[in-house]
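This report refers to the structure that appears directly beneath it.
To find a chain, count down the sequence lines: A is the first, B the second, and so on, and within it residues start at 1. Every heavy atom of this structure was used, including side-chain atoms; hydrogens, water molecules and symmetry mates were not.
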Number of protein chains: 2
Amino acid sequence: MQIMQESMLPPSIEQLTTFMAVARQASFAGAADVIGKDASVLTRRVHALEQHLGVKLFERTTRRLALTEAGQRYLERVSRALEELTSAQQEANTLVSVPRGWLRLSLPRTFAHRCISPWLPEFMAAHPEIQVDARHTDQYVDLVAEHFDVAIRLGETLSDSGLVARPVAEYGKYLYASPDYLQRKGMPTHPAMLDAFDGLIYTGAAQPAEWLLSEAGQQVLVQPIVRLASDDVVTLLRAACCGLGVIASADWAVQDELANGELVKILPTWSVGPRRSVYVVTPSRTLLPAKTRVFIDWASQRLAQQLETANGMS
Amino acid sequence: MQIMQESMLPPSIEQLTTFMAVARQASFAGAADVIGKDASVLTRRVHALEQHLGVKLFERTTRRLALTEAGQRYLERVSRALEELTSAQQEANTLVSVPRGWLRLSLPRTFAHRCISPWLPEFMAAHPEIQVDARHTDQYVDLVAEHFDVAIRLGETLSDSGLVARPVAEYGKYLYASPDYLQRKGMPTHPAMLDAFDGLIYTGAAQPAEWLLSEAGQQVLVQPIVRLASDDVVTLLRAACCGLGVIASADWAVQDELANGELVKILPTWSVGPRRSVYVVTPSRTLLPAKTRVFIDWASQRLAQQLETANGMS
DNA sequence: CTTTTTTACGTAGACCGTAACCATC
DNA sequence: GATGGTTACGGTCTACGTAAAAAAG
């Protein structure tokens with residue numbers, strides 16, 4: 001832990017810009033107009049700069065003002081440095097005003113397949129300068145450490161602190177089965193009847209092989225017969241469509257299957273477990289880059305609309 | 001005469017250097033040590049910079065800190081700009097004809113005590129505008145990174161690239177012991193006899209406890225009895241003067257002891273190991289500041305003269 | 001004498017350090 | 001409870017503008 005040398009610190013920006021202005025105008029008084037400060041200020045700044053460098057930058061009388069050789073060399077390089085600096089600033093600025101650059105997304109795999117992937121190409125077409133790095137995972141990751149710009153997360157509540165979670169839509173889980181399966185077993189009219197049905201159980205989050213159904217305050221615990229358990233939602237859905245049993249699924253996950261008749265909703269007024277939300281999560285709220293803001297807007301709008309229609313289907 | 005836009009003004013140097021330090025240390029607390037200011041100062045500076053740019057540079061929680069994409073880009077370009085600035089400053093320094101300002105020296109500790117310290121006050125008196133920052137170390141340091149103007153280095157060859165090493169003097173290592181020790185053990189007349197003597201061994205550079213003596217092409221490997229080993233030369237010298245054994249030492253390190261009779265040279269025609277050189281090293285700038293040139297001149301002359309007399313003493 | 005640069009001086013605001021606060025591990 | 005980042009507050013110190021002085025043509 002070494003302490004920086006005062007003597008090696010660069011001069012102040014004010015000194016440098018003042019020096020440049022005076023050199024360009026070849027006059028303190030002229031530069032004073034440009035900068036909008038009194039000439040006395042400029043004298044002091046230039047003097048301080050010369051002191052700091054140990055070099056005389058100008059040869060000056062009251063009537064003439066000329067750069068010394070050291071001054072000319074220094075001017076050239078200082079100009080380059082400050083140009084680099086302002087250009088860096090402009091680049092930084094474009095990142096907040098123009099949507100561009102890599103957008104790193106952390107998405108729940110199945111949700112992304114059903115609810116993000118459909119409109120992602122359209123989003124990218126609308127913002128051709130955005131590059132997307134979509135990482136799919138079903139565990140929570142450290143947004144900051146892994147440099148994610150946005151994450152989509154599902155659940156009842158979010159425990160993460162330090163992050164900003166915006167709820168953009170709600171959804172519930174319901175029971176579904178294929179029409180032919182229901183024809184064989186009969187359509188249940190009360191949850192209690194489900195104990196005799198086959199359950200297709202998701203084992204991803206160490207969930208028990210039972211369903212807590214609720215309708216308007218009433219709750220019923222159902223324990224179906226388990227013939228197939230898996231940690232992969234797609235596998236379970238395929239099985240359900242093929243008539244292997246009943247599946248508890250988020251409504252947004254079965255829109256297609258409902259539409260083409262592969263699945264039918266069972267006990268449509270009874271939902272499985274509590275109501276859940278879709279959250280759009282970012283590392284912070286302020287000073288978001290344009291790419292992030294644009295994605296959040298797009299995602300919020302699309303997801304809200306999409307999940308509402310899913311909700312509306314029976 | 002158009003007045004400069006406030007919004008286009010670059011941020012302050014303090015903000016920029018602070019940003020760089022925090023980014024490099026990946027920590028506000030760490031950067032606080034480096035800069036030598038309180039961490040609260042740094043957060044304010046970084047916050048102000050972010051506000052000024054309108055961009056978040058770090059994503060930070062109390063436990064994690066990472067550059068945003070904008071921050072990475074900005075860091076790169078700011079680094080370049082500031083390097084240009086300090087480099088411009090150094091160039092300006094080379095054009096000053098009067099030796100003045102801070103002169104940062106990197107010196108081997110023992111060598112400095114014996115061969116630099118004696119004339120350093122005289123040097124400073126001759127150049128009253130020079131301020132000296134003499135750092136003592138026995139490891140090689142990065143001259144450029146730590147902003148040293150000159151380093152003195154000892155050894156057979158120098159591997160450093162990008163640096164300019166000027167050999168200014170040569171020296172050899174020889175064997176010495178106190179008169180009373182030699183009276184007790186007898187004065188050896190051939191290296192082979194030394195195996196029965198006590199060796200005072202320097203363990204600084206993982207050297208073996210043996211001496212490779214050479215005289216006019218002949219070489220003899222001697223393995224003395226080791227009763228004292230140390231990584232501190234002064235300790236060994238004191239021990240030698242007190243009659244604890246034989247020490248292998250650079251001739252310049254024992255001039256005083258030879259002069260006042262505390263030590264006597266053994267087998268004066270046999271040297272220990274290869275011949276070595278004293279180098280004056282500077283960063284590879286073609287143009288050197290006056291302060292540096294003046295020091296190099298002084299050091300070259302003094303060291304050459306000093307080591308020659310040391311060489312001449314028997 | 002006029003124009004331009006430099007110095008003197010009193011004030012206002014910025015910036016720093018201390019210390020309390022908050023969050024994370 | 002310890003570490004690290006942020007915020008609040010009071011004091012100091014710099015840097016500004018006014019204005020007068022000095023220098024040059």
Side-chain angles (χ1 to χ4, degrees), chain A residues 1 3-4 6 9 11-19 21-52 56-68 71 140-146 158-165 283-287, chain B residues 1 3-4 6 9 11-19 21-52 56-68 71:
Chain A
M1 54 181 70
I3 292 177
M4 275 189 176
E6 282 285 330
L9 275 178
S12 81
I13 290 287
E14 284 73 22
Q15 287 171 8
L16 296 175
T17 51
T18 301
F19 164 59
V22 171
R24 271 208 259 257
Q25 304 294 319
S27 150
F28 280 81
D33 288 342
V34 175
I35 296 187
K37 297 263 151 100
D38 192 88
S40 66
V41 175
L42 308 200
T43 317
R44 253 172 291 152
R45 285 182 180 175
V46 170
H47 183 72
L49 179 57
E50 289 178 326
Q51 195 100 344
H52 181 92
K56 242 175 124 50
L57 267 8
F58 295 111
E59 286 301 342
R60 44 194 188 275
T61 70
T62 55
R63 212 55 189 177
R64 265 212 163 50
L65 188 141
L67 282 166
T68 62
Y140 286 1
V141 297
D142 185 333
L143 288 201
V144 176
E146 305 199 27
L158 286 189
S159 60
D160 274 276
S161 47
L163 301 180
V164 181
S284 60
R285 171 167 279 121
T286 59
L287 300 176
Chain B
M1 292 301 149
I3 291 179
M4 275 190 175
E6 281 285 330
L9 274 178
S12 82
I13 290 286
E14 284 73 22
Q15 287 171 6
L16 296 175
T17 52
T18 300
F19 165 59
V22 172
R24 271 208 262 265
Q25 303 292 320
S27 148
F28 280 81
D33 287 341
V34 174
I35 294 187
K37 298 260 151 101
D38 193 88
S40 65
V41 176
L42 306 200
T43 55
R44 253 172 297 164
R45 286 183 180 173
V46 170
H47 183 73
L49 180 57
E50 290 177 327
Q51 201 89 352
H52 180 91
K56 232 171 174 335
L57 297 170
F58 296 110
E59 284 301 345
R60 44 194 188 275
T61 67
T62 55
R63 222 54 192 180
R64 275 227 146 62
L65 189 142
L67 281 168
T68 61

Contacts of type side-chain hydrogen bond (donor to acceptor under 3.5 Å, both in side chains), residue B/E50, not counting sequence neighbours: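 So B/E50 forms a side-chain hydrogen bond (donor to acceptor under 3.5 Å, both in side chains) with B/R60.
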
How large an angle, rounded to 10°, do the end axes of the helix from C/dC1-D/dG25 to C/dA20-D/dT6 enclose when each is built from five base pairs?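 Inter-axis angle at the termini of the helix from C/dC1-D/dG25 to C/dA20-D/dT6: 40°.
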
Rounded to the nearest 0.5 Å, how far does [atom2] of [Y] lie from [atom1] of [X]?
| X | Y | atom1 | atom2 | answer |
| --- | --- | --- | --- | --- |
| B/T17 | B/R24 | OG1 | CZ | 10.0 Å |
| B/R45 | B/S40 | CZ | OG | 10.0 Å |
| B/E14 | B/R44 | CD | CZ | 13.5 Å |
| A/Q25 | A/I35 | CD | CD1 | 9.0 Å |
| B/L16 | A/I13 | CG | CD1 | 6.0 Å |

[X] [atom1] - [N] [atom2] separation (whole Å):
| X | N | atom1 | atom2 | value |
| --- | --- | --- | --- | --- |
| B/E50 | D/dG5 | CD | P | 13 Å |
| B/R60 | D/dT7 | CZ | C1' | 13 Å |
| B/Q15 | C/dA14 | CD | C1' | 12 Å |
| B/I35 | C/dC16 | CD1 | P | 10 Å |
| A/F28 | C/dT5 | CZ | P | 7 Å |
| A/H47 | C/dT6 | NE2 | P | 9 Å |
| A/L163 | C/dT24 | CG | P | 9 Å |

Mind checking whether B/F58 and B/F28 have parallel, tilted or perpendicular rings, split at 30° and 60°?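 Perpendicular.
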
Spell out protein contact along nucleotides 14-25 of chain D as letters: B when the base is contacted, S when just the sugar-phosphate is, - when no protein heavy atom is under 4.0 Å; keep the 5' to 3' order. --BBBB---BSS

Counting only N and O atoms by type, is there a donor-acceptor contact under 3.5 Å from the side chain of A/H52 to the main-chain atoms of A/L9?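 Checked: pair present.
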
